[in-house]
Amino acid sequence: MKLKEGFITHKTGDEQILIDTGANNFAGIVKSNPTAAFIVDCLKEDTTEEKILQKMLEKYDGDKNIMAADIANVVKKLKSIGAIDA
């Protein structure tokens with residue numbers, strides 16, 4: 001899975017925003033906290049939830065099950081707005 005072409009990100013302070021440039025059906029902006037921004041950044045290249053989890057475990061100290069749930073939640077939300085190519 002990968003972030004669809006036409007979606008771009010921009011960081012401002014501690015926040016990242018995801019914007020559809022008009023190539024897709026989503027009209028809006030998605031604000032991400034640092035964890036969600038990390039997941040979105042991973043999705044800029046073709047990846048899987050498991051690969052994202054491995055990268056998160058390398059970078060962050062935390063519970064593997066909570067991280068996996070966070071990844072699944074972000075991926076689900078991005079799929080619901082059509083931001084991910086499966």
Side-chain angles (χ1 to χ4, degrees):
M1 78 185 138
K2 183 177 178 182
L3 197 62
K4 278 188 179 176
E5 200 170 306
F7 280 91
I8 60 170
T9 60
H10 177 73
K11 288 189 181 185
T12 119
D14 290 342
E15 201 171 60
Q16 181 185 70
I17 57 173
L18 177 69
I19 305 163
D20 178 8
T21 61
N24 301 285
N25 292 328
F26 178 72
I29 295 174
V30 177
K31 293 182 181 180
S32 299
N33 64 27
T35 302
F38 181 87
I39 296 166
V40 169
D41 285 342
C42 289
L43 288 164
K44 290 179 180 177
E45 295 186 11
D46 194 30
T47 192
T48 64
E49 288 186 35
E50 184 60 35
K51 288 179 185 176
I52 296 170
L53 178 59
Q54 292 308 312
K55 286 181 180 180
M56 284 187 77
L57 289 169
E58 291 171 11
K59 182 170 175 122
Y60 299 107
D61 210 15
D63 183 272
K64 182 178 181 176
N65 293 327
I66 292 172
M67 288 182 188
D70 287 345
I71 294 165
N73 187 37
V74 170
V75 167
K76 180 181 176 184
K77 287 180 181 177
L78 293 173
K79 282 182 179 179
S80 76
I81 64 167
I84 295 178
D85 277 328

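Atom set for the values below is all heavy atoms of this structure, side chains included, hydrogens, waters and symmetry mates excluded.
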Item to check | Distance in Å, E49 CD paired with L43 CG, rounded so as to fall on 0.5 Å steps | outcome: 9.0 Å

Item to check | Residue that, paired with Q16, satisfies side-chain contact (heavy atoms from CB on, under 4.5 Å) out of K31, H10, K11 | outcome: K11

Checklist entry - More than 12 heavy atoms of other residues, nucleotides or ligands under 6.0 Å from NZ of K44: is that the case? => result yes

Item to check | Non-hydrogen atoms of M67 and L57 that approach each other most closely | outcome: SD-CD2, 3.7 Å

Checklist outcome for this item: With I8 as partner, the option from T21, I17, L18 fulfilling side-chain contact (heavy atoms from CB on, under 4.5 Å) is T21

Item to check | Close side-chain approach of V74 and T35, heavy atoms under 4.5 Å | outcome: no

Checklist entry - Hey, does D20 have a side-chain heavy atom less than 4.5 Å from the side chain of I81? => result no

Item to check | Residue pair C42 / T47: nearest heavy atoms and the distance that separates them | outcome: O-CG2, 3.7 Å

Checklist entry - Are the side chain of D46 and the backbone N or O of M1 linked by a donor-acceptor pair below 3.5 Å? => result yes

Checklist entry - Rounded to the nearest 0.5 Å, what separation is found between the CG atom of N65 and the CG atom of D63? => result 5.0 Å

Checklist entry - In terms of side-chain heavy atoms, does Q54 have a donor or acceptor partner in E58 at a distance below 3.5 Å? => result no

Next on the checklist: I need the L3 CG to L78 CG distance, nearest 0.5 Å.
Outcome noted: 7.0 Å

Item to check | Worked verdict on D41 versus K55 for salt bridge (charged side-chain N to carboxylate O under 4.0 Å, His left out) | outcome: CA-CA 11 Å; D41 285 342; K55 286 181 180 180; over 6 Å; no

Item to check | Exercise: identify the closest heavy-atom pair between A37 and S32 | outcome: N-CB, 3.7 Å

